[in-house]
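Input: a single structure, listed below in structure tokens.
Chain letters run A, B, ... following the sequence lines, proteins first, then strands; residues in each count from 1. Keep in mind it's a predicted model, so treat the numbers as computed, not measured.
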Amino acid sequence: MANFFDRVYQVVARIPRGRVASYGQIAEMLGHPRGARTVGWALHELPQGSRVPWHRVINAAGRISIPEVEEAHEQRIRLEQEGVVFDERGYIDMRRYQWRPPLPRPAEGRRISTPARRASRASR
DNA sequence: GGGGTGACTTTAT
DNA sequence: CATAAAGCCACCC
């Protein structure tokens, strides 16, 4: 079975251009709600030139969380190239850019009943 | 297998 | 908002 680091890379690889996720969010998706620091460590360990979009992961406050100045700058540049806007204090608007992965398809046979669906059925 | 190590998060001030 | 402190946890000797 893939170790935690590899699973982190798999999830991060799914973040689309122009969206971001927090370390805690990634950890939560992997079933480790308190494993945020480990996610950060996993990304820290990525080899240079990796295809994993590590720059799309930031902290829960909406800021870049890399201590090394040069790498942090590269992360900001990459995000800005994807259209992500930083405010004057270096914050990203998470409500606007946070990645919300599609929910897994409901099990076969189960149908979700919504008001719109009911209305559509009634008018037919 | 115990302990050190963080690209974190939450809470309190 | 900006710290600070405490809790956290997979990995690597």
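A:Glu71 meets the salt bridge (charged side-chain N to carboxylate O under 4.0 Å, His left out) test with no other residue; sequence neighbours excluded.
The two residues A:Ala21 and A:Ile15 come nearest to each other via the heavy atoms CB-CD1, 3.8 Å. When all heavy atoms are compared, the tightest approach of A:Val84 to A:Gly18 is CG2-O, 3.7 Å. Shown here for A:Pro101 and A:Arg14, the closest heavy-atom pair between the two residues is CB-NH2, 4.0 Å. Listed here is the closest heavy atom pair of A:Pro53 and A:Val12: CG-O, 3.3 Å.
For A:Gln25 (side chain) and A:Val57 (main-chain N/O), no donor-acceptor pair under 3.5 Å exists by modelled atom type.
Residues from residues 19-26 of chain A that place a heavy atom under 4.0 Å from any atom of DNA chain B, listed by number: A:Ser22, A:Tyr23, A:Gly24. For DNA chain B, none of the residues of residues 8-15 of chain A falls under the heavy-atom distance limit of 4.0 Å. Near DNA chain B, defined here as any heavy-atom distance below 4.0 Å, the residues from residues 46-62 of chain A are A:Trp54, A:Asn59, A:Ala60, listed numerically.
Taking the C1' atoms as reference points, C:dC13 lies 22 Å from B:dA7, given to the whole Å.
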Could I get a table of every N or O pair under 3.5 Å where one atom is in the protein and the other is in nucleotides 1-3 of chain C?
unit_1 : atom_1 : unit_2  : atom_2 : d
C:dA2  : OP2    : A:Tyr91 : OH     : 2.4

N/O contacts under 3.5 Å, protein versus nucleotides 8-13 of chain C?
unit_1 : atom_1 : unit_2  : atom_2 : d
C:dC9  : OP1    : A:Arg34 : NE     : 3.1
C:dC9  : O2     : A:Thr38 : OG1    : 3.3
C:dA10 : OP1    : A:His32 : ND1    : 2.7
C:dC11 : OP1    : A:Phe4  : N      : 3.0

Chi angles and distances behind the salt bridge (charged side-chain N to carboxylate O under 4.0 Å, His left out) call for A:Glu82, A:Arg19: CA-CA 8 Å; A:Glu82 299 185 351; A:Arg19 310 305 299 278; over 6 Å; no
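With A:Phe86 as the aromatic partner, A:Arg76 meets the cation-pi criteria of under 6.0 angstrom to the ring centre and within 45 degrees of the ring axis.
At whole-Å resolution of the value, NE2 in A:His44 and P in B:dG6 are 7 Å apart.
Under the 30°/60° scheme for interplanar angles, the aromatic rings of A:His32 and A:Phe4 are found to be tilted.
Using a 4.0 Å cut-off between a side-chain N of Lys or Arg and a carboxylate O of Asp or Glu, A:Arg78 and A:Glu74 qualify as a salt bridge.
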